[in-house]
Engineer: 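Just dropping this structure here.
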Amino acid sequence: MENWIEYLNDIVEYEVRWNIYKTVIILLVLWLIKKGAYKLIGIRTDEDMKRVYHWRKTIQYTLAIVALLLVGNIWISNFQSITTFLGLLSAGIAIALKDIFVNIAGWIFIYWRKPFDVGDRIQIGEFKGDVVDLRLFQFSLLEVGNWVDAEQSTGRIVHVPNGKVFTDPQANYSQGFEYIWNEQHLYISLDSDYKKAQQLLKDILYELMQDGFKSIERAMMKAHKEHFIHFGQYTPTVYTKIHERGIQLSMRYLCHPRKRRVYEHQVTEAVLERFRSATDIKIVYPITSVYLQNETMPPKR
C-alpha cells in the first residue's frame, strides 16, 4: 500500500513539474512573439503613433487570451467542461457585475464605432480633456479647463468608465473638423469711431492668422466631403452689436483647440497696442465707485 501511494505521488509530482515546464515555455514563447511583433510595428514617423498604440493594445489582448486558453488547458484536466461551466456562470455574474460588462461593451463600442480616439480632445458629461489611453474598463483623459482658463491642461489624469459612452453625450473637438470657432468681445463707447475700430480688429486677425488659412481651407474641404460639414466663411470677421455697456465688437475666428489661449493672448496684446494710439476709440468697462462721507457726530453731554 505504501509503495502504491509513493508511486502515485511520484506520478503527481512528475505531472506538476511537467505542467510547470510547459507553462513557462508557453509564456516565454508568447513573450518573444510580443517583443517581435512590437519591433515589426516600430514607429517610423510621428503619424504612426496612433497606429502603433492600437496595434500594441490588440497584440496584448490577443496574447493574453491565447495564454489563458493554453495554460488553462494544461492545468485543468477537463477544460471543455470547465468552459461550459464558466459560460453558465457568466450569466449569473452578468447580473451581479452589470457595470463591469457595460464597461466592456463600451470598450468594444469605442473601438468599433470610434466616437473618439487616442489624441482627440473630447468632452463627455462633465469631463473634458485629451484622450491619452483606452483600456478594457475605462479610458483616461488629460484634463483641460476646470479651474484653468481657455481650456488649458490642469495636469490631472481623469479616468472615465467606458460605460459613459452609452449614457452621456460626447463632444469631439478633433473628429470631422479639427478647428473650432472662438470669439473675443470688446466694448467701446457710443461716441467712438466703431467702423475704424472694426477695421483695426479685422486687420489684427488677418495679420495673426493668414498663415493658417490654407490649412483651414484644406481641412474644411475634407470635412465637407466626409461629414457634410460646411461653413459660409472661414476667414476671421468682426460683428457689431449695441450693448448696455456700449458698442460690442465680437471677433470670431477659427483656431485649433489647443492654441485657443495663445491666439487670445496675441489678439489682446495687438488690440491694446493699436487702440492706445487711436484717440477716437475708447474701450469701456464696468467700474464701481464708492464714496465715503464722514458724518459729524453730535457732541456728548
Side-chain angles (χ1 to χ4, degrees), residues 7-94 97 99-122 129-142 155-165 174-175:
Y7 175 73
L8 290 178
N9 289 334
D10 292 339
I11 293 176
V12 171
E13 291 179 2
Y14 174 78
E15 290 182 354
V16 169
R17 288 198 300 270
W18 180 236
N19 288 342
I20 293 174
Y21 295 151
K22 288 191 291 185
T23 300
V24 172
I25 291 172
I26 288 173
L27 295 179
L28 180 60
V29 170
L30 292 178
W31 181 79
L32 292 174
I33 291 174
K34 185 180 76 169
K35 291 298 182 181
Y38 282 1
K39 288 188 176 295
L40 290 177
I41 59 170
I43 301 174
R44 297 177 182 85
T45 62
D46 292 338
E47 288 75 13
D48 288 340
M49 289 291 293
K50 189 178 295 186
R51 177 185 63 83
V52 170
Y53 173 85
H54 288 302
W55 272 110
R56 281 175 174 262
K57 287 293 183 180
T58 302
I59 292 169
Q60 288 175 7
Y61 287 124
T62 302
L63 293 180
I65 294 173
V66 172
L68 179 63
L69 294 175
L70 294 178
V71 175
N73 193 38
I74 291 173
W75 289 98
I76 301 175
S77 59
N78 196 352
F79 190 69
Q80 293 181 349
S81 62
I82 292 297
T83 54
T84 303
F85 170 74
L86 292 176
L88 296 174
L89 183 63
S90 62
I93 295 176
L97 304 176
D99 292 341
I100 292 178
F101 286 94
V102 169
N103 290 332
I104 295 175
W107 174 74
I108 295 172
F109 176 79
I110 292 170
Y111 270 91
W112 176 41
R113 295 297 300 170
K114 288 194 178 299
F116 51 83
D117 204 347
V118 176
D120 291 352
R121 174 164 294 185
I122 68 168
D130 300 321
V131 182
V132 294
D133 195 14
L134 298 173
R135 297 196 176 188
L136 189 61
F137 299 111
Q138 61 189 15
F139 59 91
S140 302
L141 302 177
L142 180 61
R156 298 194 308 184
I157 298 293
V158 180
H159 303 289
V160 184
N162 291 334
K164 285 283 187 180
V165 298
S174 309
Q175 196 175 72

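Both backbone and side-chain heavy atoms feed into the values below; hydrogens, waters and symmetry mates do not. All residue numbers in this chain count up from 1 along the given sequence.
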Engineer: Which of these, N103, D133, I110, sits in a side-chain contact (heavy atoms from CB on, under 4.5 Å) with F139?
Structural biologist: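 Option passing the side-chain contact (heavy atoms from CB on, under 4.5 Å) with F139: I110.
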Engineer: Are side-chain heavy atoms of F109 and N162 found at a separation under 4.5 Å?
Structural biologist: no
Engineer: Once rounded to the nearest 0.5 Å, what's the spacing between atom CG of L28 and atom CD1 of I25?
Structural biologist: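 The distance works out to 8.5 Å.
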Engineer: If I compare all heavy atoms of H159 with all of S140, which pair ends up nearest, and what's the gap?
Structural biologist: ND1-OG, 2.8 Å
Engineer: Can you tell me how far apart CG (L134) and NZ (K114) are? Round to the nearest 0.5 Å.
Structural biologist: 8.0 Å
Engineer: Checking I104 against F137 for the side chain to side chain contact (heavy atoms under 4.5 Å, CB included) test, could you report, in this order, the C-alpha distance in whole Å, the side-chain angles of both residues, the deciding distance, and whether it holds?
Structural biologist: CA-CA 6 Å; I104 295 175; F137 299 111; 3.7 Å; yes
Engineer: Mind checking side-chain hydrogen bond (donor to acceptor under 3.5 Å, both in side chains) for D130 and listing every partner two or more places apart, or none if nothing turns up?
Structural biologist: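 D130: side-chain hydrogen bond (donor to acceptor under 3.5 Å, both in side chains) contacts with R121, R258.
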Engineer: Can you confirm whether L141 sits close enough to V131 that some side-chain heavy atom of one is under 4.5 Å from a side-chain heavy atom of the other?
Structural biologist: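 When only atoms from C-beta onward are counted, V131 and L141 do touch, with a gap below 4.5 Å.
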Engineer: So, for V102 and G163, which heavy atoms are closest and what is the spacing to 0.1 Å?
Structural biologist: CG1-CA, 3.8 Å
